[in-house]
*Asks:* 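Just dropping this structure here.
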2 protein chains.
Amino acid sequence: MDRRQKKTREAIFAAFTTLLAEKGYHQISVQEIIDAADIGRTTFYAHFETKDYLLKDLCEELFGHIIDTAMGLPSGHYHCTCGSAEDSVFLHLLRHLQENDRNILELLSSENNELFLGYFKSNLKKLILSQYAEKGLLKEKSVPEDYLVNHISATFVETVSWWLSRNRKESPEEMTEYFLTLIRPVVEE
Amino acid sequence: MDRRQKKTREAIFAAFTTLLAEKGYHQISVQEIIDAADIGRTTFYAHFETKDYLLKDLCEELFGHIIDTAMGLPSGHYHCTCGSAEDSVFLHLLRHLQENDRNILELLSSENNELFLGYFKSNLKKLILSQYAEKGLLKEKSVPEDYLVNHISATFVETVSWWLSRNRKESPEEMTEYFLTLIRPVVEE
DNA sequence: ATAAAACCGAACAACATGTTTTGTAACAAA
DNA sequence: TTTGTTACAAAACATGTTGTTCGGTTTTAT
């Protein structure tokens with residue numbers, strides 16, 4: 001009575017993600033999701049109160065996951081398992097994104113990306129707060145801390161967004177360098 | 001046959017703006033706008049193809065206006081008519097916003113602010129491009145110019161957004177200082 | 001005064017949403 | 001293997017929204 005439930009939930013997520021890759025969020029009707037997931041109408045509403053909650057749940061799962069794994073890494077640096085260099089958490093995030101795990105990239109560059117970029121940013125804030133702010137790595141003291149945390153998160157999101165809008169021509173390493181150029185004046189490296 | 005048209009257009013804009021101040025964009029139905037503006041259904045659709053176009057037209061008018069007046073000012077500085085000091089264009093923008101001319105502030109802090117902040121940002125880019133980029137005032141040369149222009153615009157929008165979320169406790173002068181602290185490393189003052 | 005335009009109001013089809021009802025299939029525990 | 005519970009399906013439903021159409025009225029310019 002649980003494996004079945006999980007399976008349909010996944011089916012809905014999958015159908016929804018696929019649809020999001022081809023049209024805007026607001027252009028997608030519940031009926032389309034139902035058809036694509038091949039489930040009954042009742043079933044959909046048994047799982048999700050509304051389309052907006054479906055979106056919310058999906059985002060929490062996706063961004064919660066990607067941020068949580070990054071959370072496990074040490075503050076400004078971490079020992080990369082694939083290479084030997086000490087890399088920034090941000091480089092790790094970009095690499096993770098580039099692998100397009102669970103189609104996050106598709107969503108972030110989809111028609112309604114502001115929606116997903118918003119969720120991304122709010123999750124990022126938690127990361128910055130715990131990895132930088134609470135460890136005293138914020139250099140700039142003449143502006144409020146939460147203003148600074150918000151700025152760093154927003155700057156990273158904008159960086160990712162700019163990267164995607166140009167079809168990821170640059171490498172994650174390059175993008176990390178761009179990003180660090182912008183925030184180096186305010187954070188300890 | 002023209003003053004009449006303009007009048008109803010204004011009535012629709014006014015009704016729409018009022019509604020936007022109290023509920024989210026997607027929660028507003030065309031019928032509500034029609035009722036609030038006290039016009040016929042046919043008339044609405046004669047003016048705007050759809051609700052989305054109404055939004056677009058409204059934003060173009062509002063942000064186009066505020067940016068255009070700022071465009072008229074000299075590059076990094078301008079002679080303020082009210083004071084005697086030379087102030088940044090950004091201070092001018094914040095002051096203009098604080099006067100809440102045409103209820104722009106209401107929209108920017110409304111439920112769907114991402115929507116309006118998006119329009120705001122895209123208009124800001126034009127300003128930054130013409131007032132800074134094209135005049136060689138961008139210090140940082142190690143990152144692409146449009147990446148930098150985007151960053152400055154985004155940072156300003158985030159600054160405004162943060163300011164609004166705290167109910168404008170700070171003065172425009174303070175906010176300008178916060179903002180300049182963040183972007184001073186990359187632009188000529 | 002007259003013709004063109006902008007407007008109103010009501011009705012319309014098409015579609016979307018969320019609920020309800022009735023019934024079927026899966027599954028876990030006895 | 002039977003039994004009771006839970007998840008699902010199918011269809012119908014009330015409700016509300018959208019954008020259009022049509023007949024008729026008011027405004028405005030000339």
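Since this is a predicted model, take the numbers as computed values, not measurements. Throughout, a chain's letter reflects where its sequence line sits, starting with A, and its residues are numbered from 1.
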*Asks:* Calculate the interatomic distance between B:Glu49 atom CD and D:dT20 atom C1'; express it in whole Å.
*Replies:*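 Distance check: B:Glu49 CD to D:dT20 C1' gives 13 Å.
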*Asks:* Nearest whole Å is fine: how far is D:dC8 P from A:Tyr45 OH?
*Replies:* 16 Å
*Asks:* Between atom CD in A:Gln31 and atom P in D:dA10, what is the gap in whole Å?
*Replies:* 11 Å
*Asks:* Examine the base of D:dA10 for any acceptor or donor lying under 3.5 Å from a partner atom in the side chain of A:Thr42, and report the outcome as yes or no.
*Replies:*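 Between D:dA10 and A:Thr42, which were checked side chain against base, a qualifying N/O pair under 3.5 Å is present.
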*Asks:* Hey, does B:His47 reach any base, or is it just sugar-phosphate, or nothing, if we go heavy atoms under 4.0 Å?
*Replies:*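 Sugar-phosphate contact only.
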*Asks:* Tell me if the centroids of the rings in A:Tyr53 and A:Phe48 come within less than 6.0 Å of each other.
*Replies:*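 Centroid separation for A:Tyr53 and A:Phe48: 6.0 Å or greater.
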*Asks:* Given the rule that a pair is Watson-Crick or G-U wobble with both distances under 3.5 Å, how would you write DNA chain D in dot-bracket, using | for pairs to a different strand?
*Replies:* .||||||||||||||||||||||||.||||
*Asks:* Quick check against the 3.5 Å criterion: does A:Trp163 have a side-chain atom that pairs as donor or acceptor with the backbone of A:Met175?
*Replies:*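 No, because the side chain of A:Trp163 does not come within donor-acceptor range (under 3.5 Å) of the backbone of A:Met175.
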*Asks:* Just jot down the side-chain contact (heavy atoms from CB on, under 4.5 Å) partners of B:Asn150, sequence neighbours excluded, or say none.
*Replies:* A:Glu158, B:Lys121, B:Lys125
*Asks:* Can you check the A:Ile39 CD1 to D:dA11 C1' distance for me, whole Å?
*Replies:*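 Taking CD1 of A:Ile39 and C1' of D:dA11, I get 16 Å after rounding.
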*Asks:* With distance as the sole test, does A:Glu111 use its side chain to make a donor-acceptor pair with the main-chain N or O of A:Gly24 at under 3.5 Å?
*Replies:*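 Confirmed, A:Glu111 side chain pairs with A:Gly24 backbone.
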*Asks:* Could you please name the option among C:dT17, D:dA7, D:dT20 that lies closest to any side-chain atom of B:Arg41?
*Replies:*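 Selected nucleotide (nearest to the side chain): D:dT20.
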*Asks:* If only side-chain N and O atoms of A:Thr50 are considered, is one of them under 4.0 Å from the OP1 or OP2 phosphate oxygen of C:dG18?
*Replies:*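 For C:dG18, OP1/OP2 do have a side-chain N/O of A:Thr50 under 4.0 Å.
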*Asks:* From CZ of B:Arg3 over to C1' of D:dT28, roughly how many Å is that when rounded to an integer?
*Replies:*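 So the two atoms are 9 Å apart, to the nearest Å.
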*Asks:* Taking the side chain of A:Thr43 as heavy atoms from C-beta outward, which of D:dA9, D:dG19, C:dG18 is closest to it?
*Replies:* D:dA9
*Asks:* Nearest-Å distance, CZ (A:Phe44) to P (D:dA7)?
*Replies:*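 One finds 17 Å between P of D:dA7 and CZ of A:Phe44, rounded.
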*Asks:* B:Asp52 has an atom CG; how far is it from atom P of D:dT17, in whole Å?
*Replies:* 16 Å
*Asks:* Between the main-chain N or O of A:Tyr119 and the side-chain N or O of A:Asn123, is there a donor-acceptor pair closer than 3.5 Å?
*Replies:*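 Yes, because the side chain of A:Asn123 sits within donor-acceptor range (under 3.5 Å) of the backbone of A:Tyr119.
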*Asks:* Return the nearest nucleotide to the side chain of B:Arg4; candidates are D:dA7, D:dT26, D:dG19.
*Replies:* D:dT26
*Asks:* Please determine, by modelled atom types, if B:Ser142 and B:Glu140 share a side-chain donor-acceptor pair under 3.5 angstrom.
*Replies:* yes
*Asks:* Among D:dA9, D:dT6, C:dT17, which nucleotide has an atom closest to any side-chain atom of A:Val30?
*Replies:*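 Out of D:dA9, D:dT6, C:dT17, the nucleotide with an atom closest to A:Val30's side chain is C:dT17.
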*Asks:* Using whole Å, report how far CD1 of A:Ile33 lies from P of C:dC15.
*Replies:*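 Atom-to-atom, A:Ile33 to C:dC15, this comes out as 18 Å.
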*Asks:* Any donor-acceptor pair under 3.5 Å linking the side chain of B:Thr176 with the backbone of B:Pro172?
*Replies:*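 The answer is yes, because a donor-acceptor pair under 3.5 Å joins these two groups.
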